Each structure stands twice: as C-alpha cells, then as structure tokens.
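All remarks here apply to the structure that follows.
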There are 2 protein chains.
Amino acid sequence: MGVKERRAREKEQLRHRILSAARELFVAEGYESVSMRKIADMIDYSPTTIYLYYKDKADLLDSVCKETLLNLLNTLDRLRKDKSDPVETLRMSGRAYVEFGLKYPQDYKLTFVVRPQFQKGLGLEEGSVGEKVFNYLRTMVSECIRQKKFRQVDVETTGQVLWSAVHGVTLLLIDFPDFPWTEKDKLIDTVIHTMIEGLKP
Amino acid sequence: MGVKERRAREKEQLRHRILSAARELFVAEGYESVSMRKIADMIDYSPTTIYLYYKDKADLLDSVCKETLLNLLNTLDRLRKDKSDPVETLRMSGRAYVEFGLKYPQDYKLTFVVRPQFQKGLGLEEGSVGEKVFNYLRTMVSECIRQKKFRQVDVETTGQVLWSAVHGVTLLLIDFPDFPWTEKDKLIDTVIHTMIEGLKP
DNA sequence: AATTTAACTTAACATCGTTAAGTATATCGA
DNA sequence: TCGATATACTTAACGATGTTAAGTTAAATT
C-alpha cells in the first residue's frame with residue numbers, strides 16, 4: 001500500500017506549503033491585509049483549495065501561532081543547559097524572550113495579540129506548547145527560590161509578573177518604534193534587572 | 001451672522017455623533033468588525049456622509065483613541081494631589097493605569113495595540129495627549145529620586161520600564177482572560193510592588 | 001429671481017471570506 | 001478491462017467590505 005502513503009505524504013506537503021505561504025504573507029502584510037486569494041495565488045491553487053486543508057482563515061492563524069510558540073520554546077530550551085546560576089539563566093531567558101519578539105515582531109504579535117482577538121482559546125491550554133513555555137518559566141523561578149536567590153515569593157504569581165514585564169517591553173518596542181526610547185538594549189536589561197532586584201531577599 | 005454659527009455648531013454636533021457611534025461600535029464589536037455602513041446606520045445617515053467629517057476609518061479610530069488618552073490623563077491627574085509620599089502616588093497611579101485598561105479594555109487595546117498597527121504616528125508626539133501621560137510618569141519618578149526613595153536611576157529609562165510593566169500586565173489580563181491568573185488584584189499589586197522594590201536604594 | 005454653495009445620497013468598483021455545485025482524474029471491485 | 005466510487009481540485013456565486021465619483025436637493029448669496 002505504498003500509494004496511499006505517498007498520497008498522504010503529498011497532502012501533508014501541500015498542507016505545509018499553504019501554511020508557509022500564509023505565514024510569509026501574514027508577517028509581511030499583517031493578518032487583516034492578507035486574503036485567502038493572495039495565499040492561493042502564491043502557491044498556484046484556487047482559493048477554495050485552502051479550505052480543504054484548513055477550516056478557515058482563523059485556523060490558519062492558529063497553526064502559524066503554534067509554530068511560533070514551538071520556535072520560542074526551542075529558543076528558550078537552548079538556554080536551560082547551565083543550571084549553576086538560576087538567576088543568570090532567568091536573566092538570559094528574559095532577554096531571549098524579548099529578542100525573539102523583536103526578531104520576529106509580526107509573528108510575536110500574531111501569537112500574543114492578534115490571535116486572542118480572533119480565537120477564543122488561549123493557545124495556553126493544558127498540554128499545549130504555550131503551557132510548556134510558561135512551565136519553563138515556572139521551573140526557573142522555583143529554582144531561584146529554592147537556592148534562596150529570591151525571597152519566599154509565590155511561584156505562580158512571580159512567573160506571571162515576569163511574563164508581564166517582558167511582554168510589556170516587547171510590545172511597546174514593537175508597536176511604538178518611533179518613541180524616543182533609551183537605548184533598546186539598556187531598556188530591556190533594565191526591565192529584567194529591576195524585576196530581579198525586586199525579587200531578591 | 002448667527003446663522004453661520006448655528007450651522008457650524010450643527011456640523012460639530014454631527015461630527016460628535018459620528019464619533020460616539022464609532023466608539024460604541026468599536027468597543028462592542030472591535031475595530032475590524034465595524035463597517036462604515038454600521039456606523040452610518042446607527043445615526044441614520046448614508047455611509048458616505050461620514051467621509052465628509054472624517055478622512056477614513058483610520059481617522060475615526062484616531063479620534064476615538066485621542067479621547068481615550070484624554071480620559072486616561074484625567075483619571076491619573078486626579079491622583080496627583082497628594083505630594084507627600086511620591087512612592088505611594090506612583091503605586092496608586094500604576095494601579096489606576098491598569099484598572100483603567102481593564103475597565104475599558106477595548107478602548108485600551110484600540111489605543112495601544114490596534115491604532116499603532118493602522119496609523120504610523122505614535123499618538124505620542126510632542127504636545128500630544130499621549131506625551132502628557134508620559135510626562136506625568138516622568139515627574140513622579142523624578143520626585144521619587146529627588147526624595148531619595150529610589151536609588152540614582154535614569155528618569156527616562158525608569159519611566160519606560162514602569163510603563164512596560166503596567167502595559168504588559170494590562171494586556172495579558174485583557175487578552176488571556178481564561179488563563180489561570182493568580183487573583184487579579186494580587187497580580188497587579190505584585191507587578192507594581194516588585195518594580196518599586198527593584199528601584200529602591 | 002438666478003446662481004452659487006453646502007449637505008447629503010445613490011450607484012458603483014474592486015475586493016473580501018466562505019459555500020455549493022461541478023469537473024476531472026485516479027483508484028478499486030468485478 | 002470496464003464501470004462505479006472516491007479524491008482533489010475549480011468555477012461561480014453570495015453578501016459584505018472601504019472608498020470614490022457623480023448626482024441631488026435645499027439653503028444662502030448676489
């Protein structure tokens with residue numbers, strides 16, 4: 001039954017081609033400005049073919065964002081190696097998070113701003129990639145507390161506080177590129193540094 | 001020349017009626033979902049009449065956001081009275097900022113997320129309402145440093161850091177309402193508290 | 001009373017997301 | 001190998017979108 005498998009593989013390939021085209025256009029022109037027809041044109045299929053592979057435009061967005069979260073998770077995971085100084089790891093992870101957002105600003109906004117507007121679900125459900133990203137943050141905070149580098153704070157709340165800070169600075173830098181920010185790296189470092197100082201004993 | 005004045009007043013009234021309808025619909029259904037036809041229907045005019053008062057849909061959004069920034073500025077200004085403890089004033093202002101965003105979540109997103117996507121200008125130019133809001137933050141930080149409540153930090157950077165934190169937590173609470181946040185008030189307070197602790201000598 | 005100006009509307013354009021119906025091509029049972 | 005079935009894709013259409021150009025009507029001015 002090699003035929004069936006080949007067909008399945010071909011279907012999967014087309015599915016992926018559609019997704020790649022969608023991402024490329026979403027990133028280049030923004031979710032709203034991209035039409036199903038543009039995506040279809042890009043891969044030389046009729047617009048309706050897309051609906052055989054994805055439920056609707058929001059479903060495409062969903063899949064694009066899932067990929068983005070996977071990329072973010074991989075980026076962060078690469079930093080987890082060194083366990084010696086959890087505070088330093090946390091600091092580097094915060095930087096990596098913001099830099100990821102600034103490196104792929106459109107992907108970041110699609111995932112953390114646009115998607116929630118169009119899709120009720122969080123993308124942070126149990127078992128989801130989003131949850132794994134937040135779990136990553138939880139374990140880092142726990143380690144900081146366990147090693148008495150932080151005072152005895154609530155892990156859950158602290159994780160959310162840190163997320164707020166990095167999310168905030170990332171979005172501000174993306175959304176207001178012309179604002180007279182102090183030097184970008186200094187701003188990012190200060191955000192993270194101030195938070196960490198505020199958590200020390 | 002009472003006639004001319006009356007006509008001018010009537011024009012101004014209609015302009016305001018259009019803006020009110022736009023805001024009501026934007027807030028209720030989101031910028032993207034609102035059509036010029038819907039706005040026109042609401043005030044019993046033809047869709048094209050709107051274009052006699054506003055350049056286009058983005059111009060309507062612009063005006064709505066300007067109003068929002070004015071409301072935010074007024075809300076904050078009411079807290080500035082008590083100068084005795086600048087740190088406490090800063091804390092209360094931070095709370096007020098986040099609560100403003102949560103009280104009018106759609107207005108907040110329109111101003112700080114949607115608008116930057118559609119309008120190149122920041123709404124934070126010199127002399128703008130947005131700049132006044134940020135100036136408010138600057139003076140509070142300055143006062144904290146002057147009274148040695150904060151260590152010798154850069155006013156500009158510190159203002160931006162604080163804005164990042166409150167902006168971040170506001171947007172996360174709005175965009176991911178189903179996320180298992182720790183109690184909302186506790187989260188907001190902890191964000192602000194952690195920042196302030198991190199700025200103390 | 002004739003003409004200009006102001007306020008507003010009608011009609012149209014190109015484009016959008018999405019669905020229903022249709023068409024070819026390949027696979028399968030006989 | 002032939003006819004039936006299933007798969008993969010397309011064509012055509014619907015109602016809606018932002019926006020513009022060309023009217024229309026009524027008031028103000030001369």
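These numbers were taken from a predicted model, which means no experiment stands behind them. Chain identifiers are assigned alphabetically (A, B, ...) following the order of the sequence lines, protein sequences preceding nucleic acid strands; residue numbering begins at 1 within each chain.
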[X] [atom1] to [N] [atom2], straight-line distance once rounded to whole Å:
| X | N | atom1 | atom2 | value |
| --- | --- | --- | --- | --- |
| Leu14(B) | dA6(C) | CG | C1' | 13 Å |
| Ile50(A) | dT19(C) | CD1 | C1' | 15 Å |
| Arg15(A) | dA8(D) | CZ | C1' | 16 Å |
| Lys11(B) | dA27(D) | NZ | P | 17 Å |
| Asp41(B) | dA16(D) | CG | P | 11 Å |
| Ile18(A) | dC9(D) | CD1 | P | 8 Å |
| Tyr31(A) | dC16(C) | OH | P | 14 Å |

Side-chain contact test, heavy atoms from C-beta onward, threshold under 4.5 Å: evaluate it for [X] versus [Y] and give yes or no.
| X | Y | result |
| --- | --- | --- |
| Leu72(A) | Tyr104(A) | no |
| Gln117(B) | Glu32(A) | no |
| Glu197(B) | Glu197(A) | no |
| Ile188(A) | Leu173(A) | yes |
| Tyr108(B) | Leu102(B) | no |

Report task. Return the nearest nucleotide to the side chain of Tyr45(A); candidates are dA8(D), dC9(D), dC16(C). Result -> dC9(D)
Query raised in the report: Quick one: ring pair (Phe, Tyr, Trp, His ring centres under 6.0 Å) pairs with a partner in residues 11-47 of chain A, sequence neighbours left out?
Result: Phe26(A)-Tyr31(A), Tyr31(A)-Phe118(A)
Protein-nucleotides 10-15 of chain C N/O pairs closer than 3.5 Å?
residue, atom, partner, partner atom, Å
dT10(C), O4, Thr48(B), OG1, 3.4

Query raised in the report: Once the angle between the rings of Phe112(A) and Tyr97(A) is folded into 0 to 90°, is it parallel (under 30°), tilted (30 to 60°) or perpendicular (over 60°)?
Result: tilted
Requested in this report: Flag the pair Arg91(A) and Asp189(A) as a salt bridge only when some basic side-chain nitrogen lies within less than 4.0 angstrom of an acidic carboxylate oxygen.
Outcome: no
Report task. Within residues 51-61 of chain A, find the residues that approach DNA chain C with a heavy atom at under 4.0 Å, and present them sorted by residue number. Result -> Tyr51(A), Asp56(A), Lys57(A)
Report summary line: Residues passing the ring-ring contact (aromatic ring centres under 6.0 Å, His included) test with Phe134(B), sequence neighbours excluded, are Phe179(A), Trp163(B)
Query raised in the report: Can any side-chain N or O of Lys109(A) pair as donor or acceptor with the backbone N or O of Asp175(A) at less than 3.5 Å?
Result: no
**Report entry** Helical bend (five base pairs per end, nearest 10°) for the helix from dA1(C)-dT30(D) to dA30(C)-dT1(D)
**Finding:** 20°
Query raised in the report: What residues, two or more places apart in sequence or in another chain, satisfy side-chain hydrogen bond (donor to acceptor under 3.5 Å, both in side chains) together with Ser84(A)?
Result: Asp82(A)
